[in-house]
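Beneath this line is the structure, given in structure tokens, with notes to follow.
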Amino acid sequence: MSQLPDDMARFLFLVPHVAARPAGVPLDELAELLSLSSAATRRLLERVAFVGAPDGSPDEMVDVALQGDRVRVTLPQGFERPPRFRVEETLALLAALAPLRDAGPPTLRQEAAALAARLLELASQRASALGTVLTDGVRVAGEGLEDPAHLQTLEVAVSEGLPVTGEYYTAGRDALSARRLRPVGLLQIRGAWYAVDAGGKVFKVERFRALALAELTDEDAAALEASDVDVDVVRARLEEARIDAPAKAWVAAEVEGPGGRRPFPTTRPPALFRWLRRQGGAARLLEPEDLKRSYEAELEAISARYDDCGPSGT
Amino acid sequence: MDRLERLLDLVHVLQSAHEPLTFSQLKDRFADYAEGQPEAVRRKFERDKAELARLGLVIRYHDEEETHAGYLLDVAASYLPKLTLTPEERGLLATAARAALAAPSFPHRDALRMALAKLGTAADADGLVALGHRPLDPEGAGAPDLVERLGRALADRKRVHLRYRKPGAAEVTEREVAPYGLFLRAGAWYLVAHDGLRDAVRVFRVARIEDATVNAKRPATPDYALPDDFDLEPLMHASPLHYAAHGAVAARVRVDAEVAFLAARWWGSAPDADDVFTVETTNLDALVAQVLELGTRAELLSPPEGRAAMRRALGALRRGQEGAA
């Protein structure tokens, strides 16, 4: 495909961008913004060094120069603002906002929708003309299993530094228990929302059976104050499905599936059993022996309910 | 003259002119428009205008007064007005953009980077909310260039020839589709399109598309129109329980009271006094998978064919565990 539209777009962006910075812009920084290598950026600068009136004098040309490692524009010749958003840029902005606009907690959802509408006003005539094709055509689906009231409660808790109390189902232990959290952030990973508490623990929002704001105690305030949790670091850990747990919490399980035999270390045997059940018989648990017996006993127990001709207990 | 240079020169001339320029005046200034057959030269100029329109630059022909008829670049319609984003808006945009830029499968990441630069904002973390779109299985997400190609076809409303492999199928099918929408769900991209083969709207997982060729004929003319009543929302939230595997049945599932709230969110209904849910489905296998997800905490009570499906699924699990699968 021709590089022409991309190079045009880059030129129309770079001239006002660099001209607005009298000290110039480092070549590498500009290259990154233009999604080009430094060498390709140099070539582009050489190609556009003589833009201006074709029959004009040199002082009617856009003056783009590479001085050392900095790019400078001294005569922008009317190229003082970047063009409005192209179709691709509009699509990119709307798609990036879609997880919040389509599946965010209530307040963020409204703010993201308002921002998307504001950005759409800055779209080019062509992108604007596409209207709903762009706003409604590219979407991000949340799992949608969270109780919206719980998301709203957590939003308030995070923004106002308040604790929450609730009943939480821990899938790894297959148990429901009472919890008190001091939420410091919210994460959305692959469409599901999680709350991060001041101690760095993560809670999947859909697994709260009940949730309510609580009174702030001195202990809560101290925990929130002392918290150094970086929500983005937690996001990266969760996104990679990495579990930080002490060595003694791990069970060195081994499974065999279509890819052969492999280790499957786990801290949560019920989660391993659930994974095995999802494989539809294509994987089996090999080690350790006591875990294997537990899994087989569980399968027996479930199967027993279906051995008769009617539902169990009838 | 290099076409890039000619186009940029044309923009410069048409935005700095004090009054509209006739085509004849442009021919005097651009050697490229002065040479060749009049028809060919006119087509060249029209192609240049179309190229500039693709970039968002609007060239208008002014003919209000005969003495000043001609072309000018509409600066207000072409260039970004100055925009001040609030700190909250910047934070929101940064959060959204950071996640998109970090996900290899997210489309138009280069365009996003440039759009942010145009707004003078950066994709820094704001600290309170973070998003992650990276799929657990990167190959299952769909290649970003394919998502971008489909996104462009959707924007231009151009038909696409797909080579698609259905799950579990050995054969690749060839389909002519009209894209209606794209969505990301649980880290994987999906295309919603009218499938000419089935004469119906279908959902295609982008990772299963082996190739997609966009109709290159008459690129500026849409091939189809989106139906007025088309709504992506129900399709992107469609539950596997409603995939058309058989006729509708009302299944009954007993779930432990302690975890019934989870099942209530899956099935969108509340249990009766005996903790029994009634679930409408056209795909009992999907219901069996959900009941198995709850392990010993749920039992599929009816219909009999549902219980038979549970027995089959459990038999497969037990044989698999014995190593006989």
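All values below were derived from every heavy atom in this structure, side-chain atoms included, with hydrogens, water molecules and symmetry-related copies excluded. A note on names: the letters A, B, ... follow the listed sequences, proteins ahead of strands, and every chain is numbered from 1.
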Point to revise | Charged N-O contact under 4.0 Å between B:Glu293 and A:Arg278 | key: yes
Check your understanding: In terms of heavy-atom proximity below 4.5 Å to chain B, should A:Tyr295 be classed as side chain, backbone, both, or neither?
Key -> side chain
Revision key, fill the gap. Test salt bridge (charged side-chain N to carboxylate O under 4.0 Å, His left out), reference B:Arg318, set A:Glu298, A:Glu300, A:Glu296, output is A:Glu300
Study note, to complete from the structure: Counting heavy-atom pairs under 4.5 angstrom with chain B, the leader among A:Ala20, A:Ala301, A:Pro105, A:Pro99 is A:Pro99
**Study point:** Spacing of CG belonging to B:Asp110 relative to CZ belonging to A:Arg10, to within rounding of 0.5 Å
**Key:** 7.0 Å
Review point. For B:Leu154, is it the side chain, the backbone, both, or neither that has a heavy atom closer than 4.5 Å to a heavy atom of chain A?
Key: both
Exercise for review: Heavy-atom pairs under 4.5 Å with chain B are the metric here; pick the option from A:Phe11, A:Phe208, A:Phe79 that has the most.
Suggested key: A:Phe79
Practice item. Search all heavy atoms of B:Leu52 against all heavy atoms of A:Met8 and return the closest pair with its distance. Key: CD2-CE, 3.3 Å
**Study point:** Polar side-chain atom of B:Lys118 near backbone of A:Phe13 as donor-acceptor pair, under 3.5 Å
**Key:** no
**Study point:** Segment of A:Arg118 engaging chain B (4.5 angstrom heavy-atom cut-off)
**Key:** side chain
Check your understanding: Is it true that a side-chain atom of A:Arg126 and a backbone atom of B:Arg54 form a donor plus acceptor pair closer than 3.5 Å?
Key -> no
Review point. Relative to chain B, which segment of A:Arg235 carries a heavy atom at a distance below 4.5 Å: side chain, backbone, both, or neither?
Key: side chain
Review point. Using non-hydrogen atoms only, which part of A:Asp102 is less than 4.5 Å away from chain B: side chain, backbone, both, or neither?
Key: side chain
Review point. Of the backbone (N, CA, C, O) and the side chain (C-beta and beyond), which part of A:Leu119 lies under 4.5 Å from a heavy atom of chain B, both, or neither?
Key: side chain
Exercise for review: Would you mind checking which part of B:Ala100 comes under 4.5 Å of any heavy atom in chain A, side chain (CB onward), backbone (N, CA, C, O), both or neither?
Suggested key: side chain
Check your understanding: So which of B:Thr296, B:Val11, B:Val13, B:Leu292 has the largest heavy-atom pair count under 4.5 angstrom toward chain A?
Key -> B:Thr296
